[in-house]
Amino acid sequence: MSDKAILEVGGKKYEFPILIGTEDEIAIDISTLRGSTNGIITLDAGFKNTGSCESKITFLDGEKGILRHRGYAIEELTKNASFLEVAFLIIFGELPTKVELEKFEIDIKGQSMVNEEMKGIIDGFPKSAHPMGILSALTSALTAFNPGIVNVNSKVDMYNAVVKILGKFPVLATWAHRRNNGLPLNYSDNSLDYISNIMQLMFKIPTEKYKINPIAVNALDELLILHEDHEQNCSTSTVRIVGSSGAGLFASLSAGVSALWGPLHGGANQAVVEMLEAIEKDGGDVEKYINKAKDKDDPFRLMGFGHRVYKNFDPRARIIKKAADELFADLNLNDPTLKIAKHLEEVALKDEYFAERKLYPNVDFYSGIIYRALGIPVQMFTVMFAIGRLPGWIAQWKEMRENGEPIGRPRQLYTGETLRPYKSIEDRK
Ligand code: CMC
């Protein structure tokens, strides 16, 4: 293949270099396009064909259903590693040694207190506030309580910022839930591992001893590993773009939380369970909802189906489906929504509409069912996703800064009014 791409506009030819990634992905480098063509830009709504950066963190092949972090297959990572081990890998580039991992865990525990004044911010929210909104505000507020600038070129500075946010984020996330439910705000228990601590932060009440359920902890560990990074998705791109302006780590992460909140992104896990419950209440007629999803006059979409990048099975969905089956067997649970989910998946996968458009179950299709089985309330599903995605956001922010990427500032094709004279208020209708 030629190492140049040729673009012809108005009879004139322009050459652009072709870049090839380590997995043979091909990109046309159009960074000189506007300058060399005197103002021509590309237009790509939703960035469906646009690479925003070079990255060494995550490789994803949507056609083949492959997901790897730093070269390691997601299937191997979920089977063998812990959440913090994968976080270390994603953020720092290599799997930690035993000593590095132990230090990482201890350093994170050392940062698990948050300033008591943060409680005042939570109190300012109405009880009806969605925990994602509270989490976004609290994450941003961390900047005020930690005003120092993170020098990304200093390994110590960066490491300290990483352990600080990994230590405090689950506390803030679970405070959002506890406060809305009239429960006293909990503190970390540093005798526990990261995932068990999240469980006790959520569920422990002062009057009773909290018993850790290892089955639940394992399921949550696996689920959160699956969410750790997913290259340039909406919230991660948001974190990178906010950080590219020079905004600090906590402010950039707060923007990531807001981006994740939407139902087309992380909010889909909540939307899936609400959809399954609605189908159940409506008599369990799966075909009716499949037909609604196919009807172009109906805004309804099958939540948990389809993906911008995966045009094959989402590998995370395969692992989650198995985890859901195991968890329900281990806990001896019988959830009608799991049955509806399986039936829905079966019917959709056989349907021409979904096959033609390559719409498969995505990570969110089964994750909400697992969260619910663990006793996590629906409003907290996307918050759990945020806890899982945090290492990926940090890694991508760090890489963006280390690469010295320019400020993210897309162009546009202006289609509004051309110059017109100012109309005085008397002349306006
Ligand atoms: N139900 C019914 N039709 C769908 C669905 C769906 N869930 N998803 C896509 N389509 C149709 C869509 O109507 C379009 O049809 P046509 O070509 O006839 O106009 C075609 O499939 C392509 O869809 P698109 O909207 O152009 O695809 P996209 O890449 O812009 O959107 C998506 C990807 C994930 C936003 C979309 O599939 C969707 O809305 N899915 C439901 C929400 C969801 O589950 N989101 C979680 C995504 S995975 C986790 C995460 O990112 O956080």
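We count ligands from 1, going down the list as the structure has it; atoms in each ligand are counted the same way. Along the sequence shown, the residues carry numbers beginning at 1.
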Report task. Quick one: do His307 and Val363 satisfy side chain to side chain contact (heavy atoms under 4.5 Å, CB included)? Show the steps, please. Result -> CA-CA 9 Å; His307 198 277; Val363 69; over 6 Å; no
Report task. Please step through side chain to side chain contact (heavy atoms under 4.5 Å, CB included) for the pair Leu344 and Leu302, ending with a clear verdict. Result -> CA-CA 9 Å; Leu344 200 61; Leu302 207 55; 3.8 Å; yes
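An N or O contact shorter than 3.5 Å links Phe305 to ligand 1 by distance.
With atom 13 (O) of ligand 1 as the reference point, the heavy atom nearest to it among Met303, Lys296, Arg316 is part of Lys296. In this comparison of Arg308, Lys292, Lys358, the heavy atom closest to atom 30 (O) of ligand 1 sits on Arg308. Nearest residue to atom 6 (C) of ligand 1 from Thr236, Leu302, Ile290 is Leu302 (criterion: closest heavy atom). Ranked by closest heavy atom to atom 24 (P) of ligand 1, the top entry among Met275, Lys294, Arg301, His227 is Arg301.
Taking every non-hydrogen atom of Ala268 and a distance limit under 4.0 Å, the qualifying atoms of ligand 1 come out as 43 (C), 44 (O), 45 (N), 46 (C). Applying the 4.0 Å criterion to heavy atoms of Tyr353 picks out, from ligand 1, the atoms 2 (C), 3 (N), 4 (C), 11 (C), 13 (O). Atoms of ligand 1 found under 4.0 Å from any heavy atom of Gly266 (numbered from 1 in listed order, with element): 52 (O). If you number the atoms of ligand 1 from 1 as listed, the ones under 4.0 Å from a heavy atom of Gly304 come out as 43 (C), 44 (O). The distance from ligand 1 to the heavy atoms of Lys48 drops below 4.0 Å at these ligand atoms: 26 (O), 30 (O).
Counting only heavy atoms of the protein, atom 49 (C) of ligand 1 lies nearest to Asp364 OD2, 3.2 Å. The nearest protein atom to atom 52 (O) of ligand 1, hydrogens excluded, is given as His265 ND1, 2.6 Å; this is a heavy-atom distance. What sits closest to atom 34 (C) of ligand 1 on the protein, heavy atoms only, is Gly306 O, 3.7 Å. The protein non-hydrogen atom at the shortest distance from atom 9 (C) of ligand 1 is Leu359 CD2, 3.5 Å. The closest protein non-hydrogen atom to atom 17 (O) of ligand 1 is Arg357 NE, 3.8 Å. Remark: minimum distance from atom 48 (S) of ligand 1 to any protein heavy atom is reached at His307 CD2, 3.4 Å.
For an aromatic pair to be called close, the ring centres must be under 6.0 Å apart, and Tyr360 with Tyr310 fails this.
For the pair Phe385 and ligand 1, a heavy-atom separation below 4.0 Å is found. Using 4.0 Å as the threshold, Leu264 has a heavy atom nearer than that to some atom of ligand 1. Ligand 1 does not have His230 within reach: every non-hydrogen atom of the residue lies 4.0 Å or more from it.
Only one option out of Tyr159, Tyr194, Phe104, Phe83 pairs with Phe88 in a ring-ring contact (aromatic ring centres under 6.0 Å, His included); it is Phe104.
Panel note: side chain Thr238, backbone Cys234; a donor-acceptor pair is recorded below 3.5 Å. No donor-acceptor pair closer than 3.5 Å links the side chain of Asn49 to the backbone N or O of Phe47. Side chain of Asn213 to main chain of Ile215: a donor-acceptor pair is present (N/O by atom type, distance under 3.5 Å, no hydrogens or angles).
Residues Tyr289 and Asp282 bring a donor and an acceptor atom of their side chains to less than 3.5 Å of each other. No hydrogens or angles considered: a donor-acceptor pair under 3.5 Å links the side chains of Asn190 and Ser112. For the residue pair Gln396/Asp229, the side-chain donor-acceptor check at 3.5 Å is satisfied. For the residue pair Thr337 and Asp335, a side-chain donor N or O sits within less than 3.5 Å of a side-chain acceptor on the partner.
Nearest heavy atoms, Ala324 versus Leu338: CB-CD1, 4.4 Å.
For atom 20 (C) of ligand 1, the nearest protein heavy atom lies under 4.0 Å away.
Looking at Leu260 against ligand 1, nothing comes within 4.0 Å, counting heavy atoms.
One distance of note links OG of Ser254 with CG of Leu249; it measures 11.0 Å at 0.5 Å rounding.
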